[in-house]
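What follows is a set of notes on a single structure, which appears directly below.
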Amino acid sequence: MPDVQSMVAEFVNKLRKRKIEGSQATAKCTVELLRSVISHQRVPHANQAAALIDAVKAVGQQLVAANPVELAVGNVVRRVLHIIREEDLSLTTAAMAGLDLLDASDDDDIDNCKGIGYPAMSAAVVAAAARSTLRPPSLQTLLEGTPESATVPYTSSSGADSESKTADKSSLTRKLKHDVIEGVNQLIQEISGCHEQIAEQAIEHIHQNEVILTLGSSRTVLEFLCAAKEKKRSFRVFVAEGAPRYQGHLLAKELVARGLQTTVITDSAVFAMISRVNMVIIGAHAVMANGGVIGPVGVNMAALAAKKHAVPFVVLAGSHKLCPLYPHNPEVLLNELRSPSELLDFGEFSDCLDFGAGSGSLQVVNPTFDYVPPNLVSLFITDTGGHNPSYMYRLIADYYSADDLVM
Amino acid sequence: MWRSSASFILDKHLNNKPISITHSIDSPPPPSASMADENPNPNPISAYYETRAAHHGIVTSEWLEQAQAAVQRYPDRENSVSPVSGSPFSVIEEFNSWRQQPDLAEAVAAIRALAAVIRASEATTMMELEIELKKASDTLKAWDTTSISLTAGCDLFMRYVTRTSALEFEDFNSAKSRVLGRAEKFGEISCKARRVIAILSQDFIFDGCTILVHGFSRVVFEILKTSAQNKKLFRVLCTEGRPDKTGVLLAKELAKLDIPVKLLIDSAVAYSMDEVDMVFVGADGVVESGGIINMMGTYQIALVAHSMNKPVYVAAESYKFARLYPLDQKDLEPALRPNDFNVPVPPKVEVERSARDYTPPQYLTLLFTDLGVLTPSVVSDELIQLYL
């Protein structure tokens, strides 16, 4: 256990100092850390899912607090919690189904069950009721009593105890952890493989002799464009350099190395060039529940230009970037201000800069991210396929449980 | 619609004839008094707005006459509503007793009344109980055909309470008590909905913001009250809300809470829109497309806000989700309201008396409901899940 604590503390430190760059790397490290937390966690015989959930939530809160702007951390923690709940649910419904079969053959068991006050509902009904607790509240499930269905699986498992199925119970314990770890491994694979999944869809969206505009540098976009190139599509790429880090230059170099015809333009030239462009493709930092996009600074400008000239604005995002929260002040709350030295040279401007005391009054603001509202986005391409911005809530309902939204 | 063509002149002549015919018919449309003898215009007045007006104590002479006529009509109604068993339980009576509280929404009162029907029912089979409920629900809906939240609330109640997955019992009494339990729960949820919505929307109100509100929505008032209690600093611009003057009432209530309020006439919305950060409105009903039906003037405000890129937030409880899909403004059931212009209207001049309009979903940003924060496209999904 102390080993895990030190791992967590180390990771929290790395997050706070922004040592890990990129949402994919962050997501992977977070999931691996949570996997070790789960495997080291000792679980009691009853309510084991709750113990796991509490442990993961405690670690998750620390991680999110260390870097609240990196939404992938929170997303991935919530995914793991959802996995725990799902595995627990499928195990208990399997146990219930097993229990029902035995009840049919053994009279004592039936009396035992009824004695606990357990109503004679079929396993399917209980499963349906419990599954509804995983989905976000909807009109349909508004009246499915949550405490009621949550206690039913547990009374059934205590019923199993009284029938001296202790051997079965301990195998259930081990099974839950095992299943959860399997689910978490699958999640890691999904995160690692998101680039390939998205790149597979490139051929459907990029056509012959098209002109694509992109901004800054995104690995997803790079793989996407190269996949289309592999399939023998010939097209041109305009890369906006993405000041002040000028990562667009790196992307342009990569693209040329793979044989694509590339043009580098300044960010300010986006509006001028947009009329010659067929499609804008951007990699996102995070996608919010209303379909809004958090991207590198400058994408809002590209989105507005695209809207004005009716150019499709396509956003590529792996599923670990999908955040179940609604942005209420994203320009401020979900943004990070980086060092002004990226913009201005300290030496040259040291007499004008505002250091609090003294004569200077020049302030430099260097935001990292931009927020693009959902009405400017035409299409989201995730590893599950292409979607409308108004469809994002569906994906969120699939990946996350309502109880985990507030950690 | 014929009104957009010049043929309305012809049709008007045709319309003048039926007036004399309705004279003699004891007009069935429930919400109105047949005022054909005193008022040249026989169209029904929405009882929903009468209720709201009654709560706020606004009485016009027309309203008084209608109320008198309505009171004479109600004894008829109560006799026709007596349930199968013959006991003196009347759903309308129950409904009216709940409705008196100004804080309670009409649909919630209806839900409570229907729960009382179950409690008082002497049916012995599930089918009988369902039929009784359906009859009571139809009576309530007929009381005011124009109120969308009432219809939606009754429909949802019937849907929830009679879902077969909950009723796999052989014993009728336990089934009935379970149904009653669900009904009471639904009533409770609907009552608490406003609190939930108020808590959900707190994040969206930031310090120093200016909020524009339209009309007196009790949900929006709850939101603003909660924000004030959480010591947030914000300013409210209130439209007058003619002809009810409900905006003035809201301004009074807000001033009591020490919230800085500014009153605008309805036409000053575009003028003030650039100092506004967000618009908050309630809803009479939320329709399948994700749009809302609300007090007259909401569409206008949403259009202006949209053109100036201001977010429009709707606060609506989940029982207001209705299975309607209006394609344009005239697709709604007409709900009319007496317009008081402070001067007598010249005889040949027509008056637009509709009380509400439809705001399409593309002008709305987010809906705050007790199911959570939703985008307009989620509404149809919810309705499909429930009804299909």
Side-chain angles (χ1 to χ4, degrees), chain A residues 117 119-129 131-132 135-149 288-292 300 304 307 324-334 371 373-376 387-397 400-403 405-406, chain B residues 152 156-157 159-161 163-166 168-170 174 178 181-186 188-190 193 196 200-207 209 277-278 290 306 309 311 313 318-319 321 361-362 365-366 368-388:
Chain A
M121 288 199 232
S122 66
V125 171
V126 176
R131 204 173 298 127
S132 68
R135 280 192 266 116
S138 72
L139 281 180
Q140 192 191 20
T141 60
L142 202 56
L143 293 183
E144 309 294 342
T146 314
E148 187 194 316
S149 48
M288 311 304 292
N290 63 341
N300 197 13
L304 287 165
K307 184 82 179 190
L325 303 173
Y326 279 88
H328 42 89
N329 197 359
E331 295 86 358
V332 172
L333 296 177
L334 293 175
Y371 173 68
N375 54 314
L376 298 179
H387 305 293
N388 218 345
S390 53
Y391 188 73
M392 293 328 254
Y393 71 91
R394 272 296 197 91
L395 294 178
I396 287 168
Y400 303 103
S401 318
D403 298 322
L405 287 185
V406 183
Chain B
L156 280 173
F157 182 90
R159 200 71 199 167
Y160 279 137
V161 161
R163 279 162 67 99
T164 46
S165 67
E168 287 178 7
F169 295 101
E170 293 155 10
S174 51
R178 188 149 159 77
R182 286 174 79 93
E184 315 250 277
K185 187 161 183 197
F186 190 32
E188 248 179 68
I189 289 178
S190 312
V196 174
L200 273 178
S201 39
Q202 286 316 296
D203 273 336
F204 287 80
I205 300 179
F206 50 88
D207 275 333
C209 68
D277 290 308
M278 63 187 85
H306 187 253
N309 278 326
Y313 297 130
S318 60
Y319 56 76
F321 284 20
Q362 61 260 33
T365 317
L366 285 177
F368 298 122
T369 69
D370 45 322
L371 304 172
V373 180
L374 309 174
T375 49
S377 43
V378 178
V379 174
S380 53
D381 217 38
E382 291 288 336
L383 283 170
I384 289 175
Q385 275 182 20
L386 180 63
Y387 281 104
L388 294 179

*If we only count heavy atoms from C-beta on, is the B:Pro311 to B:Asp277 side-chain gap below 4.5 Å?*
no

*Tell me, side chain or backbone of B:Leu366 under 4.5 Å from chain A's heavy atoms, or both, or neither?*
side chain

*Can you say whether A:Pro327 sits under 4.5 Å from chain B via the side chain, the backbone, both, or neither, judging by heavy atoms?*
backbone

*Among B:Val373, B:Thr365, B:Thr369, residue most engaged with chain A (heavy-atom pairs, under 4.5 Å)*: B:Val373

*Flag the pair A:Asn375 / B:Gln362 as yes when at least one side-chain heavy-atom distance between them is below 4.5 Å, and no otherwise.*
no

*Establish, from distance only, whether the side-chain atoms of B:Thr375 and A:Asn290 form a donor-acceptor pair under 3.5 Å.*
no

*Do A:Tyr393 and B:Ser377 touch side chain to side chain, with heavy atoms closer than 4.5 Å?*
yes

